[in-house]
Amino acid sequence: MNKKGFKAIIVLCIILFTAPAFALDVMVGAKAGYYVWTPFYKELGASGMGDIEYGTGVLAGPIFSLLFTPDITFSLAGLAGRQSTHWQSVFGDYHDPAVKITGGYYFDTLRVDVDSALSYRLSDNFKLFAGYKFLYLQTDYKYTELRTDLAGNINGIHVQDMQILTPFHGPALGFGASLLLSERVFTSANFSVLYLRGYFKLDYSARYSGDPLSTESVSMKSSQMEQYGLNVEPAIGFNPGNGLPIISLGARFQWLRVRFTEKRDWNGGETDKWFDDYLYGMFVSAVYVF
């Protein structure tokens, strides 16, 4: 972790420990859901990645809010967990049309997604907010490829373990709307746009069949990246009162456009090509008000 990130965590911890003394209300809870991720990796053109459909998994984390005045609220929400998938692909070698590649592929990703926001209530039903987002993805990508000629004769086996690291952070702006359906039931929706900067770091080790067996271990130089996109989160909730938690059922859709801002040989030297990244799913949350 760099010095700026460490300082940001220290400042955030100070805020979380001292701010409740100045707040009118404190809200503490948790949320968990099942999410589907379609990664931008599938558009990079790497071996086997083009056939990725999506990865799935449970993400969960805390919710924390401070109501400083009836109109100003600070909130912090996090999600963390693993998303994974596996698949098979059959395709021709990009460098040798006479070679067919049959492979089994797998990725497992650790996702940490933290959103903070300071919101201002415009009315009973609408609010504006400005926030900051931290997104950390660590992907373990593994595959075994069988290489054959057109007659079906085996001419090589490739086994590779790869780790892709993509941490991002940046600001977000948005608005929220809420509506009481009855004394206890309400609906809400948040819409935000965001801009994040970060980097793409790749390390891999590989083994190639032959006589003798050859191995390779490479740590590639990181490449700076940027992304922009939107996040939509509608929900319906129930407030039972009497000190019981507020329960909500919601959905989340996140779309990001990602690109490299530094030229590298392994990414084709392109800095003007954009890749799409999607996350969507359902969640349930429970929040206590003190």
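Because only heavy atoms are used, hydrogens play no part in the values below, and waters and symmetry mates are left out as well, while side chains stay in.
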Side-chain H-bond candidate by donor/acceptor type, [X] with [Y], under 3.5 Å:
X: D277; Y: W255; answer: no
X: Y204; Y: S217; answer: no
X: H158; Y: R147; answer: yes
X: Y132; Y: H169; answer: yes
X: T139; Y: T109; answer: yes
X: R257; Y: Q227; answer: no
X: S219; Y: K201; answer: yes

Minimum heavy-atom separation for [X] to [Y], with atom names?
X: T261; Y: M225; answer: OG1-N, 3.8 Å
X: S248; Y: F186; answer: OG-CZ, 3.9 Å
X: A172; Y: L194; answer: CB-CB, 3.9 Å
X: T85; Y: G55; answer: CB-CA, 4.0 Å
X: G57; Y: Q83; answer: N-CG, 4.0 Å

Gap separating the [atom1] atom of [X] from the [atom2] atom of [Y], nearest 0.5 angstrom:
X: E226; Y: Y195; atom1: CD; atom2: OH; result: 3.5 Å
X: T102; Y: L146; atom1: OG1; atom2: CG; result: 6.0 Å
X: I247; Y: F238; atom1: CD1; atom2: CZ; result: 9.0 Å

With a 4.5 Å cut-off on side-chain heavy-atom distances among I, L, V, M, F, W and Y, is there a chain of contacts connecting L230 to Y278? yes
Crowding at OH, Y54 (>12 non-hydrogen neighbours, <6.0 Å): no
Applying side-chain contact (heavy atoms from CB on, under 4.5 Å) to N155 and V99, what does each step give before you reach the verdict? CA-CA 9 Å; N155 59 22; V99 174; 4.0 Å; yes
Centroid-centroid distance, Y143 to W87, less than 6.0 Å: no
Between [X] (side chain) and [Y] (backbone), is there a donor-acceptor pair under 3.5 Å?
X: N242; Y: L244; answer: no
X: S65; Y: S75; answer: no
X: Q224; Y: Y199; answer: no

State plainly whether the residues E145 and K100 are in salt-bridge range, i.e. N to O under 4.0 Å. no
Aromatic ring pairing Y41/W37, orientation class (parallel under 30°, perpendicular over 60°, tilted between): perpendicular
Describe, in one word, how the ring planes of F275 and F260 are oriented to each other, choosing from parallel (under 30°), tilted (30 to 60°) and perpendicular (over 60°). perpendicular
Ring of Y106, cation from K142 - is the NZ or CZ under 6.0 Å from the centre and inside 45° of the axis? no
Is V114 close to K133 at the side-chain level, that is, under 4.5 Å between some pair of heavy atoms? no
